[in-house]
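Worksheet for the structure shown next.
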Amino acid sequence: MNKNNKTFKLTFSAIMIALSTALSFIKIFKLPWGGSVTLLSMLPVCMISIAFGTAYAIAPCILYGAVQMIVDGVFAWGLTPKILAASIFLDYLAAFGILSLAGVFRSKGTKGIYGGIVLSAALRLIFHIISGRIFFEQFAVQELVDFVGGNPFIYSTVYNGAYMLPEIGITLAAAFIIFRMESVKRIILD
């Protein structure tokens with residue numbers, strides 16, 4: 001199997017996007033204004049970057065963000081055009097597109113893979129925090145706003161961290177298991 005074969009790359013990427021999408025429907029918990037902890041939905045698209053590199057993975061990761069945008073029904077949320085456009089960019093295209101950095105440290109071995117996954121997922125969290133701070137504070141849960149002293153940045157960090165940090169932990173734990181398997185190493189890392 002030649003990993004540089006265009007047909008193989010395209011097929012692998014399509015399967016990983018489909019797998020990520022399917023896994024995104026398995027929600028461990030969901031927050032009221034968007035965001036949920038899923039069963040490993042980030043890992044398959046991260047594997048595209050790990051297998052083929054960051055540059056190749058940009059388009060599939062952005063495509064996955066577009067699919068998630070449709071699945072989440074962002075157009076039915078009743079957002080103003082400005083907030084809708086910002087949400088499409090920050091919460092979907094940029095936030096999921098940044099997962100293409102998961103393979104940035106691949107040459108450092110498995111520790112580099114884990115570092116790349118954490119980096120890309122942490123950057124995804126930052127995009128969600130920025131979006132929440134700038135555009136979604138009007139939807140803030142008052143009890144949580146009061147709890148964090150009324151600071152919209154802290155509110156956005158707490159809200160988005162509540163689902164992204166567990167999501168990152170679950171993804172990293174699964175990566176520790178998956179990247180020890182010889183069959184995965186052979187397909188992804190060779």
Side-chain angles (χ1 to χ4, degrees), residues 13 15-51 54 57-58 60-62 64-65 67-69 71-72 87 90-133 136 140-141 143-144 147-148 151 153-185 187-189:
S13 297
I15 291 169
M16 292 300 107
I17 291 169
L19 182 57
S20 282
T21 301
L23 291 171
S24 75
F25 287 107
I26 305 171
K27 295 180 181 358
I28 297 169
F29 72 85
K30 183 177 180 179
L31 295 180
W33 295 106
S36 59
V37 177
T38 64
L39 185 63
L40 307 174
S41 65
M42 285 194 307
L43 188 56
V45 291
C46 287
M47 291 174 79
I48 298 168
S49 177
I50 294 164
T54 297
I58 293 170
C61 288
I62 290 173
Y64 174 62
V67 169
Q68 282 304 114
M69 178 178 60
V71 166
D72 286 350
S87 180
L90 288 172
D91 287 319
Y92 292 97
L93 303 180
F96 289 98
I98 204 73
L99 294 177
S100 63
L101 290 178
V104 73
F105 304 125
R106 179 191 181 277
S107 64
K108 306 289 185 206
T110 53
K111 288 181 183 177
I113 290 169
Y114 307 142
I117 290 170
V118 170
L119 172 68
S120 63
L123 291 171
R124 177 184 166 200
L125 170 60
I126 289 170
F127 278 115
H128 292 308
I129 290 171
I130 292 168
S131 176
R133 167 57 185 100
F136 288 99
V141 177
E143 293 80 16
L144 184 55
F147 177 74
V148 297
N151 185 316
F153 176 76
I154 294 174
Y155 166 78
S156 184
T157 302
V158 170
Y159 183 91
N160 288 291
Y163 71 90
M164 279 301 301
L165 293 176
E167 182 87 4
I168 293 168
I170 291 168
T171 301
L172 194 57
F176 277 120
I177 296 166
I178 289 172
F179 284 103
R180 292 176 188 253
M181 298 177 179
E182 288 304 317
S183 58
V184 171
K185 288 180 185 178
I187 294 170
I188 305 293
L189 302 177

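This chain uses plain numbering: 1 for the first residue, then up along the sequence. For clarity, every value in this text was computed on a predicted model and none was experimentally measured.
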If I take atom [atom1] from residue [X] and atom [atom2] from residue [Y], how far apart are they, to the nearest 0.5 angstrom?
X      : Y      : atom1 : atom2 : value
Phe96  : Asp91  : CZ    : CG    : 8.5 Å
Ile170 : Leu43  : CD1   : CG    : 11.5 Å
Ile98  : Ile62  : CD1   : CD1   : 9.0 Å
Phe105 : Thr54  : CZ    : OG1   : 9.0 Å
Met42  : Thr171 : CE    : OG1   : 3.5 Å
Cys61  : Leu93  : SG    : CG    : 12.0 Å

I'd like to check the side-chain contact (heavy atoms from CB on, under 4.5 Å) partners of [X]; sequence neighbours left out, ordered by chain and number.
X      : value
Val184 : Met47, Ile178, Phe179, Met181, Ile188
Ser20  : Pro44, Val45, Tyr64
Leu90  : Phe127, Ile130, Ser131, Phe135

My understanding is that only residues two or more places apart in sequence, or in another chain, count here; which of them pass salt bridge (charged side-chain N to carboxylate O under 4.0 Å, His left out) with Lys185?
Glu182

Considering all heavy atoms, the nearest Ile48-Ser13 contact
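The pair with the smallest heavy-atom distance is CG2-OG, 3.7 Å.
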
Tell me the closest heavy-atom pair linking Ser49 and Gly103, and the distance in Å.
OG-N, 2.7 Å

Determine whether more than 12 heavy atoms belonging to other residues, nucleotides or ligands lie under 6.0 Å from atom NZ of Lys27.
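Atom NZ in Lys27 is crowded, with more than 12 foreign heavy atoms closer than 6.0 Å.
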
Do [X] and [Y] have side chains that approach each other closer than 4.5 Å (heavy atoms only, starting at C-beta)?
X      : Y      : result
Ser24  : Gln68  : yes
Leu31  : Asn160 : no
Ile154 : Thr157 : no

Cut-off 3.5 Å, no hydrogens considered: what does the side-chain donor-acceptor table look like for residues 108-124, sequence neighbours left out?
from   : atom 1 : to     : atom 2 : distance (Å)
Ser120 : OG     : Gly116 : O      : 3.1
Ser120 : OG     : Ile117 : O      : 3.1
Arg124 : NE     : His128 : NE2    : 3.1

Excluding sequence neighbours, so at least two apart, what forms side-chain hydrogen bond (donor to acceptor under 3.5 Å, both in side chains) with Thr38?
Ser41, Glu167

Is a side-chain donor or acceptor of Ser156 paired with a backbone partner of Phe153 at a separation under 3.5 angstrom?
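No; judged by distance alone, with no hydrogens or angles, the pair does not exist.
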
